[in-house]
Structures are given as C-alpha cells and as structure tokens.
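In this chain, numbering begins with 1 at the start of the sequence shown.
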Amino acid sequence: LRTIVALRVSLLLRSSVPERAPVGPQSLQMFAALPAAVRPPVRSFTSDERLLRWRLAEFTVPLRNVMLAPTP
C-alpha cells in the first residue's frame, strides 16, 4: 500500500428525465488515457438509454504524506 500515491476515480452520471430524441452517446470509454490492456470495456448504450443525458467525470485524488506512514 505504500506504493499507491494517488487514486483515479471515474463516475458515469445520467439524468433521470428522458428526452424526446436521442441525445446520449452511442458509447463511452472510461479511463481513455490508460493503455488499452488495462482499460475497462467500452460502455455501449441501448436506444432507450440514449434518450437520457450522460456525463463522464474523471479525476485523480493525490494521497498526501503516504511516505510518512509508519511501516508495519
């Protein structure tokens, strides 16, 4: 655990009210900046899901003072 210095978080958010026409994407890729070997699968949306608005939020949380943690 001492080698972990940051956490990468990805949130897939959607609206609760459907639109009349498709407004959502056909698919979304989480962690697109990572190499393909470690990326999660692409999330594809059905025609009903495309009536909702989707947003992908990704951020990195640095862990401060990890090196100061006591060793077991």
Side-chain angles (χ1 to χ4, degrees):
L1 291 176
R2 292 177 54 85
T3 59
I4 299 173
V5 294
L7 299 173
R8 294 187 74 175
V9 179
S10 182
L11 299 172
L12 183 57
L13 310 166
R14 72 169 175 85
S15 65
S16 59
V17 179
E19 301 288 336
R20 292 180 188 211
V23 293
Q26 291 182 358
S27 63
L28 282 174
Q29 175 65 58
M30 297 174 106
F31 301 116
L34 292 177
V38 293
R39 241 184 277 159
V42 173
R43 171 66 159 91
S44 298
F45 297 102
T46 64
S47 58
D48 289 339
E49 289 175 327
R50 291 193 62 217
L51 294 175
L52 301 170
R53 295 191 182 272
W54 294 84
R55 168 121 352 156
L56 183 62
E58 296 182 344
F59 55 93
T60 302
V61 179
L63 301 177
R64 297 183 175 254
N65 301 325
V66 174
M67 301 308 289
L68 297 177
T71 57

Query raised in the report: Less than 4.5 Å apart, any side-chain heavy atom of L12 and any of L56?
Result: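 Yes, at least one pair of side-chain atoms sits under 4.5 Å.
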Query raised in the report: Is any side-chain heavy atom of P40 closer than 4.5 Å to a side-chain heavy atom of Q29?
Result: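 P40 vs Q29: side chains touch.
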Working to the nearest 0.5 angstrom, can you tell me the gap between [X] [atom1] and [Y] [atom2]?
X	Y	atom1	atom2	answer
L11	E58	CG	CD	9.0 Å
L28	F45	CG	CZ	4.0 Å
L13	R55	CG	CZ	8.0 Å

Grab the two heavy atoms, one from [X] and one from [Y], that are nearest each other, plus how far apart they are.
X	Y	result
W54	R43	CH2-NH2, 4.2 Å
R8	A33	NH2-CB, 4.4 Å
E49	S44	OE1-O, 4.0 Å
L52	V23	O-CG2, 3.8 Å
T60	A6	CG2-CB, 3.8 Å
V42	S27	CG1-CB, 3.6 Å

**Report entry** Any donor-acceptor pair under 3.5 Å from S10 side chain to F31 backbone
**Finding:** no
